[in-house]
Structures are given as structure tokens and as C-alpha cells.
Amino acid sequence: MFRRLLLSLATVMLLCSPAAAAEKFVVAGDCNFPPFEYLNDKKEPIGYSMDYITEVAKRAGFEVELRNVAWDGIFAGLAAGNYDILASTTTITPERQKTFDFSTPYYGLTQAVIMPKGKTIKSLAELKGKTVGSQIGITGVFVLRKANVGAIIREYDDVGLAIADLAAGRIDAVICDDPVAKYYANKRKDFEGKLNVAYQTGDKEYVGFCLKKGRKDLLDRINKAVEEIKKDGTEAKMMEKWMGSSK
Amino acid sequence: MDKDEGQSKANIIMVTDGPAIPNPRERRLINAWSIALTGAILSLLLLCYAGPSSYREALLFLPDGILLTFKLTALAICCAVPLGLLTGLGRISRNRCVNLIASTYVEVIRGIPLLVQVFYIYFALSQFLRIQGVPAAVIAVSICYGAYMGEVFRAGILAIPKGQTEAARSLGFNRFQTMFYVVLPQAWRTILPPVGNECIAMLKDTALVSVIGMPDMMQRARSFASQSYAYFEAYTVVALVYLIITLLLSKIVSVIEARLNYYDRRK
């Protein structure tokens with residue numbers, strides 16, 4: 001029995017070693033977050049982050065396998081080693097940096113408040129007493145909670161559900177990253193003429209690819225590729241491709 | 001008659017899921033229930049006082065969620081038990097139309113996952129009906145559990161020996177009186193444990209409504225985990241709190257059951 005076990009173990013190791021040589025990393029994204037990462041009709045992850053990491057991989061000389069995972073627990077999965085890289089519009093925050101490493105930022109965004117068409121506000125303080133929806137654990141929730149304006153925060157599994165609830169008139173506003181807000185308010189046919197971006201915060205946030213601590217070599221390679229992509233104008237092209245039409 | 005009743009009762013208890021109701025006649029100090037409860041309370045206390053601070057923070061994050069979970073469960077029980085009784089009566093009704101309605105309801109609802117029902121009532125129906133979060137959650141849970149409880153009521157009523165009905169009818173009771181004065185009061189004793197089980201299962205299933213943004217206990221834990229990245233701590237605490245609550249509730253059900261069965265006990 002023991003010998004058979006050893007033999008099968010050896011076979012498995014033999015089978016695995018060529019795969020390791022090809023250097024493939026698993027990239028995870030919560031594909032409910034257009035235009036950064038979402039699924040196309042063929043259920044493949046697409047979007048700005050996905051394009052970006054594929055371009056990075058091409059220049060840094062490794063392969064990527066894109067995987068759609070749930071946002072809730074996405075960091076736990078990274079810590080557990082279920083995937084190597086997060087390309088899920090993760091804002092670089094000091095709290096997250098304590099546990100994870102981030103690449104050079106690949107996008108800068110602000111928080112935006114979406115409200116029914118025609119409504120605008122001048123500051124977050126005007127959300128006092130209003131019910132504001134968002135996605136569990138995205139920076140929009142943290143920003144609003146930190147601002148402490150007395151808004152009732154309702155957290156959904158993904159931002160699309162929050163926006164559906166806003167369109168149904170059960171909540172007063174939704175707070176999320178501004179490209180996502182603009183995508184839903186301006187580009188989505190089903191919400192056409194119903195929603196608009198009511199407010200945008202001034203504070204810039206930067207999003208980066210997120211890695212488990214202690215993978216400095218991989219992080220350096222990613223950073224180098226990101227720098228290149230920024231310099232030669234590829235980044236600007238990708239921004240135009242994914243965010244251009246929803247501005 | 002006694003033998004009959006014992007047998008049918010055993011059948012009913014066998015077909016229910018949910019937590020095991022502690023046996024009220026279990027007098028020993030150490031049993032599964034007491035081990036689980038003391039274990040859960042001790043580990044929760046130990047983690048919160050001696051463990052890392054995130055356990056304490058996770059526990060302090062929960063209270064309003066616990067309240068909402070209780071509120072949803074209580075409201076849903078108030079709706080589901082009468083609905084279950086009606087369904088159970090409908091299922092044994094001789095009126096073909098009533099019987100068909102009740103049976104179809106049970107078949108349809110039991111074939112759809114509760115999570116889908118919650119989404120359906122909240123998001124799909126929102127195009128025609130704008131139901132707010134709490135009512136939507138209560139409606140979804142009650143409709144689902146009404147169907148399950150309907151079967152429990154039906155089995156409980158059918159378990160009452162036919163002689164009881166025949167005796168009541170021969171004494172001049174009409175069908176309605178027979179059901180409400182003779183059959184149901186007796187059936188209640190067999191129905192209560194499985195209905196108690198369903199109520200406890202319902203409390204656990206309210207965790208599903210966190211998907212429609214209801215800040216119940218589960219959602220509070222997820223929210224805490226997502227901002228502190230303390231997943232292990234948050235979910236350990238919420239699991240222990242759920243466990244403590246359901247263990248206490250199952251004890252209450254067993255006490256009520258013992259009080260309803262005092263004739264059995266005297267034997």
C-alpha cells in the first residue's frame with residue numbers, strides 16, 4: 001500500500017513539473033464590476049483589469065489563467081494561496097498593505113454617488129438619513145462609514161444588485177468607484193434615463209494588482225511591465241477602450 | 001391506540017431535519033446538548049477575553065444583526081405557522097379545489113431553493129411590486145416554510161387515530177368542530193417538536209437574506225470580515241453565536257414538548 005502511494009505521488013510530481021516550468025499564474029477577479037472586470041457572453045472574464053494583467057503577463061513573460069471569484073472573501077482566498085494575483089480593482093489602502101503587497105497603481109479613481117436621474121448633491125453630508133447601497137467590503141463603504149454622515153448603509157453581494165435596488169426605488173443612492181458608477185448610469189441600457197452620477201469625492205484612490213506578501217520577484221516583474229505599459233501609451237489606449245464610451 | 005400514536009410519532013420525527021431536539025426525559029448532566037452549549041459558550045468567552053482583539057471586535061459588531069435576525073424569525077414564525085396550518089388542512093381537505101391549491105403550493109415551493117425565492121421576491125418582482133427589505137425577507141421565508149410546515153401539520157393530523165374522528169362525529173360534532181375541538185388539540189402534541197425544528201431551521205435560514213442587503217447577523221459578520229480581513233475570527237464568532245441561539249431554542253422546544261406530554265410522563 002505504502003509503495004503504491006509513493007509511486008502515485010512520484011507520478012503526480014512528474015506530471016506537475018512541466019506545468020510549473022511554463023510559469024502560469026492564476027489571476028482572480030470578481031467579475032461583477034464593469035468596466036474593470038466582468039463576464040462577456042461566453043462567460044469569459046473581460047474588462048480593463050483583465051486586459052491590463054494579460055498585457056503585463058505578456059511583457060513579463062508568464063502565462064495567466066483568469067478566474068472569476070466572489071468578492072466576499074477574495075482576500076482570504078489570496079491569503080490561502082488559491083490564486084496568485086488579484087486583478088479586481090483593489091484600492092491600495094494602508095490596512096490592506098499590512099497583509100498584502102500591491103503593484104504600482106494601474107488606475108486612479110474617486111468615489112461616486114449614483115442617484116435617480118435629476119438628483120445631485122454637493123457633499124457626502126447630504127446623504128444624512130438616506131439609505132445608501134454598496135457592495136460588501138468595497139472602499140465606497142469604508143469612505144462613507146469614515147465620513148460618518150449618518151447615512152444608513154446597506155451592503156449587497158455585488159454592486160449590480162445595489163444599483164438594481166436603486167433603480168427599483170427602494171434605496172436613495174449607491175456609492176462605488178466612479179468608472180463603475182458611470183458605466184451603470186451612462187452605458188447600461190436597462191438603467192438608461194433612470195440614474196445619474198450625483199456626486200464625486202475629490203480624494204483619489206489608486207488601484208493595484210494585489211499579491212500575497214513575500215513574492216517580491218513576481219511583484220518586481222509586474223511593476224516593471226506596468227511602468228512600460230504606462231510609458232508607451234498602451235495604458236491610455238486601454239482606458240479609452242474600456243472607460244472612454246461611458247464618460 | 002397508544003401503540004399507534006407512538007409509532008406515528010416516531011415516523012414524524014424521523015422525517016424532519018433540523019437540529020435534534022433534546023430529549024426532555026434525559027436527566028443526565030452530560031449529554032450532547034450540554035456539551036455543545038457549554039463548549040460553544042466557553043469557546044466564545046475564551047476567544048473574546050483571552051484571544052486576539054479581533055474576536056472581541058467581531059462580537060461587538062453583531063448585536064444589531066442579532067436583533068434583526070430575531071425580528072425576522074419572529075415575524076416569519078407568526079406568518080408561517082398559520083400558513084402551514086392552512087396548508088396542512090388544505091392538503092387533507094375533501095374539497096378537490098382547495099386540496100389542489102394546497103398541494104400545488106407545497107409542490108412548487110418545496111422545489112425552489114429559498115435563496116432563489118428571496119431573490120425572486122426582492123429583485124424579480126420589484127418591477128411590479130416594490131416590497132421593502134424586511135417584508136420581502138419575511139414573506140419569502142414564511143412562504144417557503146409555510147409549505148414545509150404544511151406537511152408537518154398534515155402528518156400530525158393524519159397520525160390521530162380515525163376512531164377519534166368517528167367518535168366525535170357520532171356524538172354530533174360537525175367536521176369543523178371535530179377538527180378544532182378533538183383532532184387538532186391532540187395532534188398538536190405530535191406536531192410541536194417538528195414545528196419547533198422548522199422554526200429553528202428558519203432562524204438559521206434567515207442568514208440567506210443577507211443577499212438582499214438586510215443587515216442580519218450573517219451580513220454583519222461578512223461586513224466585519226470585509227473591512228478587517230479577519231475572516232476566520234468573524235465567521236468563528238458568528239457560527240458560535242448561531243449555535244448558542246439554536247441550542248437554547250431547541251431546549252425551549254423540548255421543555256414545551258415535555259409539558260404538553262405530561263400524560264406520557266406519568267405512565
Side-chain angles (χ1 to χ4, degrees), chain A residues 30 32 70-80 82 86 88 90-91 93-100 131-146 152-172 174 190-191 194 210 212-213, chain B residues 52-54 57-58 60-62 64-65 67-68 72 115-116 118-140 207-236 238-239:
Chain A
D30 164 31
N32 272 312
W71 173 257
D72 196 11
I74 203 168
F75 288 101
L78 182 66
N82 297 346
L86 273 192
S88 199
T90 40
T91 300
T93 67
E95 293 85 28
R96 286 172 181 171
Q97 273 174 319
K98 268 186 227 155
T99 343
F100 302 102
T131 310
V132 184
S134 194
Q135 179 173 329
I136 289 180
I138 65 171
T139 38
V141 177
F142 304 156
V143 166
L144 192 58
R145 208 169 269 159
K146 211 168 171 188
I152 304 151
I153 304 171
R154 287 194 51 188
E155 293 170 85
Y156 297 79
D157 280 40
D158 70 66
V159 73
L161 293 178
I163 290 178
D165 221 9
L166 174 66
R170 279 182 294 225
I171 55 175
D172 302 304
V174 167
D190 41 344
F191 302 122
K194 283 188 187 166
C210 186
K212 205 169 161 175
K213 275 220 189 287
Chain B
S53 66
S54 42
E57 287 159 21
L60 291 177
F61 209 76
L62 289 184
D64 47 345
L67 274 184
L68 184 70
L72 290 176
L115 184 60
V116 176
V118 170
F119 265 97
Y120 195 84
I121 289 180
Y122 196 68
F123 288 111
L125 289 187
S126 70
Q127 302 191 337
F128 322 104
L129 269 175
R130 201 162 295 161
I131 311 171
Q132 293 298 319
V134 173
V138 170
I139 291 171
L208 287 175
V209 305
S210 66
V211 296
I212 55 169
M214 285 279 95
D216 77 325
M217 206 150 82
M218 181 60 193
Q219 161 115 76
R220 297 303 283 168
R222 293 169 71 184
S223 187
F224 177 80
S226 73
Q227 69 178 49
S228 63
Y229 310 107
Y231 296 95
F232 185 80
E233 291 84 342
Y235 295 130
T236 307
V238 81

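Per chain, numbering begins at 1; letters A, B, ... match sequence-line order.
- In this structure, the portion of A:Phe142 lying under 4.5 Å from any heavy atom of chain B is its side chain and not its backbone.
- Across A:Asp165, A:Asp158, A:Ile74, A:Thr93, the residue that shares the most heavy-atom pairs under 4.5 angstrom with chain B is A:Asp165.
- A pairwise comparison of heavy atoms in A:Leu161 and B:Val211 identifies CD1-O, 4.1 Å as the closest pair.
- Considering all non-hydrogen atoms of both residues, B:Ser210 and A:Asp157 come closest at O-OD1, 4.1 Å.
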Note to self: side-chain contact (heavy atoms from CB on, under 4.5 Å) for A:Lys98 and B:Tyr229? Distances and angles first, verdict last.
What the structure shows: CA-CA 10 Å; A:Lys98 268 186 227 155; B:Tyr229 310 107; over 6 Å; no

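- The nearest pair of heavy atoms linking B:Ser126 to A:Arg170 is CB-NH2, 3.3 Å.
- Between B:Tyr231 and A:Ala76, the closest heavy-atom pair is CD1-CB, 3.4 Å.
- At a 4.5 Å heavy-atom cutoff, the contact between B:Gln219 and chain A is made by side-chain atoms alone.
- Between the side chain of A:Arg154 and the backbone N or O of B:Pro215, no donor-acceptor pair lies under 3.5 Å.
- With a 4.5 angstrom heavy-atom cutoff, B:Phe128 does not touch chain A via any of its atoms.
- The shortest heavy-atom contact between A:Glu155 and B:Ser223 is OE2-OG, 2.6 Å.
- Most heavy-atom pairs under 4.5 Å with chain A, from the set B:Phe224, B:Phe123, B:Tyr122: that is B:Tyr122.
- For the atom pair CD (B:Gln227) and CD1 (A:Ile138), the distance works out to 13.5 Å, reported to the nearest 0.5 Å.
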